[in-house]
A.B. asks: 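Below is the structure I would like to discuss, written out as structure tokens.
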Amino acid sequence: MNRYNFYAGPSILSRYTIENTAEAILNFANTGLSLMEVSHRGKEFVAVNDEARQLVKDLLDVPSTHEVVFLGGGASMQFCMIPYNLLKKKASYLDTGTWASKAIKEAKIFGEVTVVASSKDKNYSFIPKDYTVADDSDYFHITTNNTIFGTQIQKIPQVTVPLVADMSSDIFSRPVDVAKYDAIYAGAQKNLAPAGVTIVIVRKDALNKADRSIPTMLNYMTHVDKDSMFNTPPVVPIFAALQTLKWYRELGGITAMQKLNEEKAAILYDEIDRNRLFKGTAAVEDRSLMNVCFVMNEEYQELEAGFATFAAAAGMIGIKGHRSAGGFRASIYNAMPIDGVKALIETMKEFERKN
């Protein structure tokens, strides 16, 4: 029986990434040493670091005005690094979920923060549309995809101030106009690599503008100046990231990934809408291509535990919804094959037939 990994993160990785990383852990670049024990200053790993950063630039068409760095601390560290480096007086934030809310909390330590809109009162089931961002904001922060509640910003806001985005759960899933952003950040553990490395794409001329002293490790310029090698980087996750980036390139790049993601999401949402047992939880126009959230229809609530058990027995792993949202969540990131989505659909149909 095939088993499919629908966990929201850490989540599914391609076999290409897993197998190549496993091989390097045993013998990295024919050195006879494990990837886990080599010097990060050795020419073999420096080449990995350089190639991975360049591939990010190539795949996302990053302009020369921006730089790519690999950092530790996860996206949660970026909740404070962004305002530490970019907030001078006032920033605006869009509150679309748990992670956006956490970013807002951290930013308030550094200056005035305006929450331009929030969908909290509807359990973050939609993306707010009607709001105004003050022209004197240092930046406007958005979270492009919300893993817990299954919503995604489908159209990037048109604003007059610099944009900053947390793309942790949908980076590399669709093309991005990087030039529109002062900063983009993303934890690795959804569409790139094991947890332990975070991508930051930052506009170089946006740095060193805030009137405050920034600790060395929290200053983006520290890492830009040293090509992400100021201190010992997370070697294994960066190597794994390189494998994933190579895999994306082989598949045809980010446009090809978007086409596949749209196809996977479409057939799964179609089944949720058709199946009498289930219903989606996110506003239709804001449904995520990465995290598909659904619950039992009211008249079938008593079947929830039964479906969870049935799906697990059928090899559908990790579909239980987050405790904040309940129900079910199928995370169908880039590495999820369409066969996995089809298997989940067949499982839902079979459970409907039995009930």
A.B. asks: Do Leu87 and Ile82 touch side chain to side chain, with heavy atoms closer than 4.5 Å?
C.D. replies: no
A.B. asks: If the threshold is 4.0 Å, N to carboxylate O, is there a salt bridge linking Arg287 and Asp273?
C.D. replies: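 Between Asp273 and Arg287 there is a salt bridge, with a charged N closer than 4.0 Å to a carboxylate O.
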A.B. asks: Is the Phe351 ring parallel, tilted or perpendicular to the Phe310 ring (thresholds 30°, 60°)?
C.D. replies: tilted
A.B. asks: Are Gln154 and Glu285 side-chain neighbours, meaning at least one heavy-atom pair lies under 4.5 Å?
C.D. replies: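 SC-SC contact between Gln154 and Glu285 ruled out.
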A.B. asks: Taking atom types as modelled and ignoring hydrogens, do the side chains of Thr244 and Thr17 form a donor-acceptor contact shorter than 3.5 angstrom?
C.D. replies: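 Their side chains do contain a donor-acceptor pair, which is all the 3.5 Å distance test asks for.
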A.B. asks: Angle class for the Tyr185/Phe79 ring planes (parallel below 30°, perpendicular above 60°, tilted otherwise)?
C.D. replies: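 Geometry flag for Phe79 against Tyr185: perpendicular rings.
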A.B. asks: Do Asn219 and Asn208 have side-chain heavy atoms sitting under 4.5 Å apart?
C.D. replies: yes
A.B. asks: Taking the inter-plane angle between the rings of Phe278 and Phe294 on a 0 to 90° scale, is it parallel (under 30°), tilted (30 to 60°) or perpendicular (over 60°)?
C.D. replies: perpendicular
A.B. asks: With a 4.0 Å cut-off, would you call Glu271 and Arg274 a salt bridge?
C.D. replies: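 Between Arg274 and Glu271 there is a salt bridge, with a charged N closer than 4.0 Å to a carboxylate O.
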A.B. asks: I'd like to check Gln258 versus Pro175 (side-chain heavy atoms, cut-off strictly below 4.5 Å). Are they in contact?
C.D. replies: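 Side-chain contact under 4.5 Å: yes.
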A.B. asks: Is it the case that the side chains of Gln54 and Asp50 hold a donor-acceptor pair, with the cut-off being a distance below 3.5 Å and no angle test?
C.D. replies: no
A.B. asks: Any side-chain donor-acceptor pair under 3.5 Å between Ser118 and Asp95?
C.D. replies: yes
A.B. asks: Does Glu262 come within less than 4.0 Å of Lys259, counting only side-chain N to carboxylate O?
C.D. replies: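 No.
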A.B. asks: In the structure I gave you, are the side-chain heavy atoms of Ile199 and Phe172 within less than 4.5 Å of one another anywhere?
C.D. replies: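 Yes, at least one pair of side-chain atoms sits under 4.5 Å.
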A.B. asks: Using a 4.5 Å cut-off on heavy atoms from C-beta on, say whether the side chain of Asp182 contacts that of Tyr139.
C.D. replies: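 A side-chain contact under 4.5 Å is absent here.
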A.B. asks: List the atom of Gly187, the atom of Ser168, and the distance in Å for their closest heavy-atom pair.
C.D. replies: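 So the minimum-distance heavy-atom pair works out to N-OG, 3.0 Å.
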A.B. asks: Please name the pair of heavy atoms, one in Ala343 and one in Met316, separated by the smallest distance, quoted to 0.1 Å.
C.D. replies: CB-CE, 3.7 Å
A.B. asks: Looking at Thr147, Thr151, Asp170, Asn145, which hits side-chain hydrogen bond (donor to acceptor under 3.5 Å, both in side chains) with Asn291?
C.D. replies: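 Of the listed options, the one satisfying the test is Asn145.
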A.B. asks: State whether a side-chain donor-acceptor pair under 3.5 Å links Asn146 with Tyr124.
C.D. replies: no
A.B. asks: Should the ring pair His223 and Phe230 be called parallel, tilted or perpendicular, given that the plane angle runs from 0 to 90° and is split at 30 and 60?
C.D. replies: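 Correct class here is perpendicular.
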A.B. asks: How about Asn123 and Ser125: does a side-chain donor come under 3.5 Å of a side-chain acceptor?
C.D. replies: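 Asn123 vs Ser125: no donor-acceptor pair found between side chains.
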A.B. asks: Is the closest side-chain heavy-atom distance between Phe28 and Val48 below 4.5 Å?
C.D. replies: yes
